[in-house]
*Asks:* 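Could you have a look at this structure, given as structure tokens, before my questions?
Remember, it's a predicted structure, so these values are computed and weren't measured experimentally. Numbers restart at 1 for each chain; the letters A, B, ... are given by sequence-line order, proteins then strands.
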There are 2 protein chains.
Amino acid sequence: MAAILDQDGITAAALELISKKGYDGLTMAALARSLGVAPSALYNHVSSKDEVLKLVEEDLMSKVDFGGFSTLPWEDAVRQWAYSYRGIFAKHTPLISVIAVLPVTDAPQTLAMYEAVTEGFLRAGFPEQQIIPSIVALEAYIFGAAFDANAPADIFDSGKLAESTPHFTSAVRSLGPQTDNYPSDLAFSMGLDALIAGLGALRA
Amino acid sequence: MAAILDQDGITAAALELISKKGYDGLTMAALARSLGVAPSALYNHVSSKDEVLKLVEEDLMSKVDFGGFSTLPWEDAVRQWAYSYRGIFAKHTPLISVIAVLPVTDAPQTLAMYEAVTEGFLRAGFPEQQIIPSIVALEAYIFGAAFDANAPADIFDSGKLAESTPHFTSAVRSLGPQTDNYPSDLAFSMGLDALIAGLGALRA
DNA sequence: GAGATAAATGAACGTCATTCATTTATTGGT
DNA sequence: ACCAATAAATGAATGACGTTCATTTATCTC
């Protein structure tokens with residue numbers, strides 16, 4: 001029969017479906033429908049829905065901007081990379097639990113990113129043994145921040161329990177109205193600066 | 001009829017089920033069975049499975065150790081809190097996507113934690129406006145690190161693509177065999193120190 | 001043109017969370 | 001002590017969903 005389907009097409013359709021309907025809308029049936037095909041046909045090209053998620057993840061990884069590591073000072077490269085990384089995965093938080101535990105072995109795009117980042121750290125003067133833990137720490141922060149980026153602006157509204165949490169409630173109020181893209185943008189920037197300063201001190 | 005069920009009992013049963021069978025094993029049917037009851041009976045006490053997850057989350061929050069904030073220097077209190085927080089949620093990563101976006105309004109245990117942490121920051125001399133963003137940044141890091149704690153030791157094995165990622169592969173090798181509880185313990189410690197140093201500099 | 005092969009189909013399955021009409025036990029009022 | 005009201009448990013049913021499989025269909029190769 002005509003080769004209507006392939007992994008690239010499935011990945012593209014999955015991404016479009018996710019952008020339109022979110023991860024709840026990403027079902028094998030909906031994916032098949034968007035490709036004009038029966039659900040069971042998908043299984044000739046992917047072994048499971050989990051594999052679809054892995055394909056999407058690899059595609060997203062290729063969109064993370066790590067270009068700064070070959071052109072900018074280390075601090076700026078890290079910042080650019082971290083913002084790009086968080087921005088992309090903030091819209092794909094359901095993938096984070098997959099990525100964080102997924103061996104990198106068969107993920108060429110992910111490996112390409114790690115290679116470029118590692119090179120940037122080496123060029124900046126990091127001792128080899130410090131590089132992977134530093135990247136892991138930064139990634140942990142980026143993934144956590146990606147979740148926060150989806151939080152509602154009033155997530156810290158203490159409601160009727162405000163009286164029993166006076167210091168917290170006052171600290172929340174002191175922030176005033178949020179104006180950034182993400183309510184947590186200020187926090188992201190502060191934590192990222194702290195990490196960059198702290199990890200940067202490990203350079204030779 | 002006899003009041004066999006209540007929210008506390010459901011929460012306790014859910015926690016035991018999770019510890020024995022993991023989050024895949026936490027189904028409404030299994031939960032009901034462990035309570036000796038029909039699945040539909042649960043819906044007299046919780047409105048949905050999501051509410052069960054929220055109950056579990058609140059219970060876990062009450063187990064996070066934030067005691068150091070009233071007894072230890074700020075740096076040590078943050079470290080103790082962060083390790084406790086990560087240790088608990090490393091076994092409950094499916095909750096993280098819920099927590100990170102869940103308004104704190106009806107979560108007394110969570111609010112109690114925030115109040116204590118805020119007080120600790122105030123006592124340490126932080127300006128009020130810096131406190132919430134600092135906590136948010138720390139939490140983001142803790143949540144991300146909780147995911148990493150579940151990663152397999154060989155997650156960075158580049159496999160047959162090793163030749164095309166020489167710097168990364170070498171950096172991974174330079175780490176030697178892992179001996180910590182979690183393979184990512186070294187990374188967690190390094191990033192946490194960096195955050196503590198960087199955020200600590202915001203004190204008056 | 002025949003046979004092998006890759007790919008699509010549609011029906012079926014098992015697992016879930018959830019709903020609902022019904023039954024059952026307990027509680028409060030007289 | 002009885003009766004009505006209410007809270008709570010039941011079991012059958014529903015509708016998604018991911019996945020499997022025997023069968024059919026189109027394309028490629030010799």
*Asks:* Which residues satisfy the side chain to side chain donor-acceptor pair (under 3.5 Å) test with B:Ser170, sequence neighbours excluded?
*Replies:*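 Per chain and number, B:Ser170 pairs via side chain to side chain donor-acceptor pair (under 3.5 Å) with A:Glu128.
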*Asks:* Output side-chain donor-acceptor pairs under 3.5 Å for residues 39-47 of chain B, partner residues at least two apart or in another chain, one line each.
*Replies:*
residue	atom	partner	partner atom	Å
B:Ser47	OG	B:Glu51	OE1	2.8

*Asks:* With a 4.5 Å limit on heavy-atom distance, are the side chains of B:Leu175 and A:Pro133 in contact?
*Replies:* yes
*Asks:* Count the heavy atoms of every other residue, nucleotide or ligand shown that sit under 6.0 Å from CZ of B:Arg173, and state whether that count exceeds 12.
*Replies:*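 Count not over threshold, so no.
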*Asks:* OP1, OP2 of C:dA6 versus side-chain N and O of A:His45: anything below 4.0 Å?
*Replies:* no
*Asks:* Report all side-chain donor-acceptor pairs from residues 83-93 of chain B shorter than 3.5 Å, counting only partners two or more places apart or in another chain.
*Replies:*
residue	atom	partner	partner atom	Å
B:Ser84	OG	B:Asp65	N	2.9
B:Tyr85	OH	B:Glu139	OE2	2.5
B:Arg86	NH1	B:Asp185	OD1	3.3
B:Arg86	NH2	B:Asp185	OD1	2.6
B:His92	ND1	B:Tyr23	OH	2.6

*Asks:* Between P on C:dC16 and OH on B:Tyr43, what's the gap in Å once rounded to a whole number?
*Replies:*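 Rounded to the whole Å, the gap is 12 Å.
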*Asks:* Can you check the A:Leu5 CG to D:dA26 C1' distance for me, whole Å?
*Replies:* 14 Å
*Asks:* Contact list please: residues 48-60 of chain A against DNA chain D, heavy atoms, distance less than 4.0 Å, in numerical order.
*Replies:* A:Ser48, A:Lys49
*Asks:* Restricting to side chain to side chain donor-acceptor pair (under 3.5 Å), what partner residues turn up for B:Lys21, sequence neighbours left out?
*Replies:* none
*Asks:* Going by heavy atoms closer than 4.0 Å, what residues in residues 16-40 of chain B are next to DNA chain D?
*Replies:*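 Result for residues 16-40 of chain B: B:Val37, B:Ala38, B:Ser40, sorted by number.
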*Asks:* Quick one: sort the A:Trp74 and A:Phe126 rings into parallel, tilted or perpendicular, breaks at 30° and 60°.
*Replies:*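 Tilted, since the angle between the ring planes falls between 30° and 60°.
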*Asks:* Could you tell me how far apart B:Asn44 (CG) and C:dT26 (C1') are, to the nearest whole angstrom?
*Replies:* 14 Å
*Asks:* Are A:Leu15 and A:Leu60 packed together at the side-chain level, in the sense that at least one heavy-atom pair is separated by less than 4.5 angstrom?
*Replies:* yes
